[in-house]
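Data first, discussion second: the structure below is written as structure tokens.
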Protein chains: 2
Amino acid sequence: MPNPTDEPPADPPPDADAAVVEGDSPPSERVPLERDRIVDAALDLVEQLGPGNLTMRRLGHALGVEAMSLYRYVPGKEELLDSVVDRLIETMYADDDVLSTPRDGWQDFLQRMAHGVRRVAIAHPKSFPLVASRPPEAPWLRPPLRSLDWVESFVGGLRSEGFSREGTASAYRAFTSFLLGSLLLEVAARGADVGPLDVVEDTTAESSLADYPGVDDLRHLLAQDRAADEFELALEDLLDRIARIKVDTQDAEES
Amino acid sequence: MPNPTDEPPADPPPDADAAVVEGDSPPSERVPLERDRIVDAALDLVEQLGPGNLTMRRLGHALGVEAMSLYRYVPGKEELLDSVVDRLIETMYADDDVLSTPRDGWQDFLQRMAHGVRRVAIAHPKSFPLVASRPPEAPWLRPPLRSLDWVESFVGGLRSEGFSREGTASAYRAFTSFLLGSLLLEVAARGADVGPLDVVEDTTAESSLADYPGVDDLRHLLAQDRAADEFELALEDLLDRIARIKVDTQDAEES
DNA sequence: AGCGCGAGGTTTACGACGTAAGCCTTCCGT
DNA sequence: ACGGAAGGCTTACGTCGTAAACCTCGCGCT
């Protein structure tokens, strides 16, 4: 068994060219060919098998095509993965509840943005870590807000609400590291217990915890999933912190 | 070029068996054989080439040995990587400035712990992300504090300082996600600019930023490395937050 | 009608990977 | 002296990413 990186590969036979939905019709296009389809399929595969089990051959197979055909549309696997995270980011940006510019104050603006990112992370637990692990293209594109559009929204939004340059930059850094830490951990916890079958399997029993009375005592508390509540609380505290940053960095600036 | 995942592989010739330091001598051992040596070498290699370029053959080569010989001491690559992150965690735990139990209050205790973790992260920028990306063995082993010893220290320390069970659990979750987010981002930024040569290469010039005036305006600020200061500030705010958690969850508990 | 030609797919092939299986050597206890 | 195991080496298999060459249509020309 050469490569059991994440989960059993489990290769089902191909289907492909299944439902070619019709409906749209700009002048002269046939059936929806590819490239976006490739990225979508890659995202799906990553979500099913984990990033380590995405394979060009497997991906081709899922699209009813040989692996090499993909290279007509994608320069290589790395770039494909980059496109996958781009797709994820776009998904976030298309969220209706996320504003591209503040409407009811910056706190509401940032709340919506944070929740939008969280929604995407939770909807794509296996892919989300990719957003963190690909090398950033520029120092100001910090995961998980890895796109100029997001950063522009963030920066423009806060500036328009009276944040100084320094305040905006600090807030941006605080916001991104908060999101990254919380969501990576939440998603990792979520991803762990969706294993193949496992049932409930209390994980208790077993060995160790005898030597670790403190941990043993808190075992149940620590295993509980309070992610949603704590995200909310931590986010509120973060906004307070950012409010403090705002006033602390308020200095003489032109508009 | 099959696998340019991270950086150019660049395979130098082997040396191995170079300096076999003598000095210790328990009853009957020859030259320091292996297993720990393997893990150390793996850690070094990851640090030099990035995790994606660690290869059993390359690792063997670095130790002056064929790849297959490693399997005498290590069951497989996954387990090797697990051992590497364990080694990292032990390194943190051996830090003299980190206390295993509070001496001057829990704030000092957590400060020292946070700085200890940060020191290790910064000393091993390429390896640190491994600590985050390996699947956790239990829900209460949250990166980057992935060892029962750490968690026991944390939990025991806070409990002994009067934290309730719930308060301890909340503080633990807040602490870990703070560390993970901050340090991953700091380390990613650091890892980015140690590329092969690149010189300074202002990254400015170039394309894009014309359409993103807000980002362009803040470009220099956002590229600045304020990681150290902001870690300190954020950590202090986190401790305040934890103090609030402490009093908020103070309820009737036996000692 | 013939014909080239390019878009989009396939085949084949290479080198690197993780690792199973078996072989060879060296050295120890008896 | 010798058996055996400890520790390394060689060979081999299946899989990966991808370069290169090759088919095979259907279209627009003349």
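All chains are named by letter (A, B, ...) in the order of the sequence lines, taking the proteins before the strands, and each is independently numbered beginning at 1.
Between B/Leu63 atom CG and D/dG8 atom P the separation is 10 Å, expressed in whole Å. Taking atom CZ of B/Arg35 as the reference point, atom P of D/dG7 lies 14 Å away to the nearest angstrom. Whole-Å rounding puts the B/Leu49 CG to C/dA16 P distance at 16 Å. Rounded to an integer number of Å, the gap from CD of B/Glu79 to P of C/dG18 is 13 Å. Rounded to whole angstrom, the span from the NE2 atom of A/His61 across to the C1' atom of D/dC16 amounts to 16 Å. Straight-line distance from the CZ atom of B/Arg58 to the P atom of C/dA16: 10 Å, rounded to whole Å. Distance A/Tyr71 OH to C/dT10 P: 14 Å, rounded to the nearest Å. For B/Asn53 and D/dG17, the CG to C1' distance is 14 Å, given to the nearest whole Å.
B/Asp149 meets the salt bridge (Lys or Arg N to Asp or Glu O under 4.0 Å) test with no other residue; sequence neighbours excluded. Legend: residues meeting side-chain contact (heavy atoms from CB on, under 4.5 Å) with B/Val98, ordered by chain and number and at least two apart, are B/Asp95, B/Trp150. Considering only residues two or more places apart in sequence or on other chains, B/Leu81 meets the side-chain contact (heavy atoms from CB on, under 4.5 Å) condition with B/Leu54, B/Leu130, B/Arg134. For A/Phe175, the ring pair (Phe, Tyr, Trp, His ring centres under 6.0 Å) partners are A/Phe154, not counting sequence neighbours. A/Asp225 meets the side-chain contact (heavy atoms from CB on, under 4.5 Å) test with A/Arg190, A/Ala227; sequence neighbours excluded.
Residue A/Leu54 is classed as a sugar-phosphate contact, given heavy-atom separations below 4.0 Å to backbone atoms only.
Panel note: side chain B/Tyr73, backbone B/Arg37; no donor-acceptor pair is recorded below 3.5 Å.
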Could you list, one pair per line, each protein nitrogen or oxygen that sits under 3.5 Å from a nitrogen or oxygen of nucleotides 9-13 of chain D, together with the distance?
{"unit_1": "D/dC9", "atom_1": "OP2", "unit_2": "B/Glu66", "atom_2": "N", "d": "2.8"}
{"unit_1": "D/dC9", "atom_1": "OP2", "unit_2": "B/Ser69", "atom_2": "OG", "d": "3.0"}

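Checked against C/dG8, C/dG18, D/dG17, the side chain of B/Lys77 finds its nearest nucleotide in C/dG18.
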